[in-house]
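One structure below.
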Amino acid sequence: QELLVESGGGSVQAGASLRLSCADSTLTFRNSGMGWFRQAPGKEREFVASITWSGSMAYYVDSVKGRFTISKDYDKNTIFLQMNSLKPEDTAVYYCTVGQDAVALSRGYGVDRWGKGTLVTVAS
């Protein structure tokens, strides 16, 4: 049974937008930090964005600041990653995560659960 279900990936041209969603079938979203990581072909998995359980604070890797926005729908146990001005270097599998703390996620550790991932491909 999948506990974190991602959706919204796809293939787009550079400059386009995509919105990723991640729904949690448990209630742990409500008391955890949540975020997104990504893994590009031939590269290590890296942190992209995280958000506190209250939704009041968000953290981003420098390469996506100003282009990506993470948000949370508390009632629906869902987080989103709005990705604008996509670049070919954003091509990767994007993974939804739940962890103890959004700050820890932003530093690359503290992940309790991973989603299966959704592929984003950006063509030049």
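Just the heavy atoms: all of them, side chains too, but no hydrogens, waters or symmetry mates, feed the values below. Here the structure is a predicted model, which means the values were calculated and not measured.
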Response to the item:
With sequence neighbours left out, the residues meeting ring pair (Phe, Tyr, Trp, His ring centres under 6.0 Å) with Phe37 are Phe47, Trp114
Could you grab the distance from atom [atom1] of [X] to atom [atom2] of [Y], nearest 0.5 Å is fine?
X: Cys96; Y: Leu81; atom1: SG; atom2: CG; answer: 10.0 Å
X: Ile79; Y: Ser50; atom1: CD1; atom2: OG; answer: 9.5 Å
X: Thr97; Y: Leu105; atom1: OG1; atom2: CG; answer: 4.5 Å
X: Met34; Y: Leu4; atom1: CE; atom2: CG; answer: 10.5 Å
X: Tyr59; Y: Asp101; atom1: OH; atom2: CG; answer: 7.5 Å
X: Trp36; Y: Glu46; atom1: CH2; atom2: CD; answer: 14.5 Å

Tell me, do [X] and [Y] make a side-chain contact under 4.5 Å, heavy atoms counted?
X: Asp112; Y: Gln100; result: yes
X: Asp73; Y: Asp75; result: yes
X: Arg113; Y: Asp24; result: yes
X: Phe80; Y: Ile70; result: no
X: Arg38; Y: Val64; result: yes

Worksheet item: Given the rule in the side-chain contact (heavy atoms from CB on, under 4.5 Å) test, do Arg67 and Asp90 qualify, once you have shown the distances and angles that lead to the verdict?
Response: CA-CA 11 Å; Arg67 299 188 298 122; Asp90 294 319; 2.7 Å; yes
Item to complete: Could you tell me whether a side-chain N or O of Gln39 sits under 3.5 Å from a main-chain N or O of Lys43, the two making a donor and an acceptor?
Response: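 Yes, because the side chain of Gln39 sits within donor-acceptor range (under 3.5 Å) of the backbone of Lys43.
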Discussion item. For the backbone of Val61 and the side chain of Ser63, can you confirm whether one donor and one acceptor N or O come within less than 3.5 Å of each other?
Written reply: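 Pair absent, no side-chain N/O of Ser63 close to backbone of Val61.
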Discussion item. Give me each pair satisfying side chain to side chain donor-acceptor pair (under 3.5 Å) with a member in residues 7-21, each pair once, sequence neighbours excluded.
Written reply: Ser17-Asn84
Discussion item. Tell me whether Tyr60 shares a hydrophobic cluster with Tyr109, the cluster being built from Ile, Leu, Val, Met, Phe, Trp, Tyr side chains joined at under 4.5 Å.
Written reply: no
Practice prompt. Given side-chain contact (heavy atoms from CB on, under 4.5 Å), test Phe68 with Leu86 step by step and report yes or no.
Written response: CA-CA 9 Å; Phe68 290 12; Leu86 282 161; 3.9 Å; yes
Worksheet item: Has Arg45 got its NZ or CZ under 6.0 Å from the middle of the six-membered ring of Tyr95, at an angle within 45 degrees of the ring axis?
Response: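 The answer is yes, since Arg45 meets both limits relative to Tyr95.
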Fill in: Option among Leu20, Thr91, Val12 that satisfies the side-chain contact (heavy atoms from CB on, under 4.5 Å) test with Val120
Leu20
Item to complete: Salt-bridge test for Asp62 and Lys65: reply yes if a basic N is under 4.0 Å from a carboxylate O, no otherwise.
Response: yes
Worksheet item: Does the pair Lys116/Glu6 count as a salt bridge with the N-to-O cut at 4.0 Å?
Response: no
Item to complete: Evaluate the criterion side-chain contact (heavy atoms from CB on, under 4.5 Å) for residue pair Thr52 and Lys72; output intermediate values, then yes/no.
Response: CA-CA 9 Å; Thr52 56; Lys72 177 182 182 183; over 6 Å; no
Discussion item. On a heavy-atom basis, which atom in Ser124 and which in Ala14 lie closest, and how many Å separate them?
Written reply: CA-CB, 4.3 Å
